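Scroll down for the structure; my scribbles are underneath it.
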Number of protein chains: 2
Amino acid sequence: MTTEQSAAQTVVANALLAWKQQLELAQKVFTPLSDEQLQKEIAPGKNRLLYLYGHFIGVHDRMIPLLGIGTRLHPELDAPFLAEKDRTVKDADLPSAADLKRMWDEVHTRLNDGLGKFTAEDWIGKHTSVSDEDFAKNPMRNRLAVLLSRTSHIAYHLGQTALVKE
Amino acid sequence: MTTEQSAAQTVVANALLAWKQQLELAQKVFTPLSDEQLQKEIAPGKNRLLYLYGHFIGVHDRMIPLLGIGTRLHPELDAPFLAEKDRTVKDADLPSAADLKRMWDEVHTRLNDGLGKFTAEDWIGKHTSVSDEDFAKNPMRNRLAVLLSRTSHIAYHLGQTALVKE
């Protein structure tokens, strides 16, 4: 291994570690919550914890095809947790805490398994929603950019869940 | 330039871009705010925007020595915006919106100038608050880990500022 290879691999390992740290923080927030606790809002009139839980799973499920790992597992999460605002889909049609926990585990097992197999060259390769032409113009539109962006996305919403009163 | 050197440089450039994107989002939130607007709370009884503005500047100022760039510019921000909770220091002793804007610019000019000079090897080198012994045990405790952590830190609080009513 050359020094340069080592540098790229270390940098990629750092980015993966940062992703997993945020993911673990989110898991600690959501996994213990009951259906009742998931009804709490992050602030008066704002998203419920239930919405953010489903939102994370849906966004991370979409990373599976976006990064070229495979087909996504739960496209049914798009309508209630990505396309629509909270409270648009009626509660009876939303997954339960137990459903969400199962989906969280499924999605992150599949996703993190895929992420763990990428080489540094894979990380700087293009993701599936950028054209060859656009990627040639902007090589920053690579897989790693997706991971870094989703890492900040977790932190963004965790800043909100931190406001929920016990 | 070898392929491997290129990979390390690209990956580092991605991390720097992610940092600057979050920083720019924060700047867009805070720069236009008047002293009166900075008094708004992110949620009832929670931190004011004023606190988060000073908090960001203080945290980023501390990155200057932490990353070995130089000495920090505004250690006076520690007491009101890091060591203490919001509203502990009385308002008359806090910097104004104009003061904060000036300090924001000073700190980020100095910091980003330093960050821009780091090579990939510098990024995977240790930061100044980890011992040689601890760094040998965990080479992830490098400069890049600090940058990734502070990038998520910005996102975390921006998720909160997004809850403030216009």
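To find a chain, count down the sequence lines: A is the first, B the second, and so on, and within it residues start at 1. Just so we're clear, the structure is a prediction, and the values are computed from it rather than from any experiment.
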Query raised in the report: Given a strict heavy-atom distance threshold of 4.5 Å, which part of B:Ala18 is in contact with chain A: side chain, backbone, both, or neither?
Result: side chain
Query raised in the report: Would a hydrophobic clustering, with Ile, Leu, Val, Met, Phe, Trp and Tyr connected at side-chain separations under 4.5 Å, put A:Trp123 with A:Phe135?
Result: no
Query raised in the report: About how many Å separate OG1 of A:Thr161 and OH of B:Tyr156, when rounded to the nearest 0.5 Å?
Result: 6.5 Å
Query raised in the report: Between A:Pro44, A:Pro139, A:Gly159, which residue shows the highest count of heavy-atom pairs closer than 4.5 Å to chain B?
Result: A:Gly159
Requested in this report: Examine distances only and state if a side-chain atom of A:Asn14 and a backbone atom of B:Met140 form a donor-acceptor pair shorter than 3.5 Å.
Outcome: yes
Report task. Could you tell me which portion of A:Gln22 (side chain, backbone, both or neither) has an atom closer than 4.5 angstrom to a non-hydrogen atom of chain B? Result -> side chain
Query - Atom group of A:Leu158 that falls short of 4.5 Å from chain B, counting heavy atoms - result: both
Query raised in the report: Between B:Val89 and B:Val59, is there a shared hydrophobic cluster once you connect ILVMFWY residues whose side-chain heavy atoms come closer than 4.5 Å?
Result: yes
**Report entry** Choice from A:Thr151, A:Asn142, A:Ile42, A:Leu17 maximising heavy atom contacts with chain B below 4.5 Å
**Finding:** A:Asn142
Query raised in the report: Linking I/L/V/M/F/W/Y whenever any side-chain heavy atoms sit under 4.5 Å apart, do A:Val12 and A:Leu66 land together?
Result: yes
Query raised in the report: Can you check whether B:Leu148 reaches A:Leu148 side chain to side chain, under 4.5 Å on heavy atoms?
Result: yes
Requested in this report: Flag yes if A:Phe30 and A:Val164 sit in one hydrophobic cluster, no otherwise; membership is Ile, Leu, Val, Met, Phe, Trp, Tyr, and two members link when side-chain heavy atoms are under 4.5 Å apart.
Outcome: yes
Query raised in the report: Got more than 12 heavy atoms from elsewhere within 6.0 Å of NZ, B:Lys126?
Result: yes
Query raised in the report: Is it the case that one hydrophobic cluster holds both A:Val130 and B:Val11, taking links as side-chain heavy atoms less than 4.5 Å apart, direct or via other members?
Result: no
Query raised in the report: Would the number of heavy atoms belonging to other residues, nucleotides or ligands and lying under 6.0 Å from NZ of A:Lys101 be above 12?
Result: no
Report task. Counting only heavy atoms closer than 4.5 Å, note whether A:Ala145 contacts chain B via side chain, backbone, both or neither. Result -> both
Query raised in the report: Is it the backbone or the side chain of A:Ser152 that comes under 4.5 Å from a heavy atom of chain B, or both, or neither?
Result: both
Report task. Kindly check if the number of other-residue, nucleotide or ligand heavy atoms within 6.0 Å of CD (B:Glu106) is above 12? Result -> yes
Query raised in the report: Relative to chain B, which segment of A:Leu163 carries a heavy atom at a distance below 4.5 Å: side chain, backbone, both, or neither?
Result: both
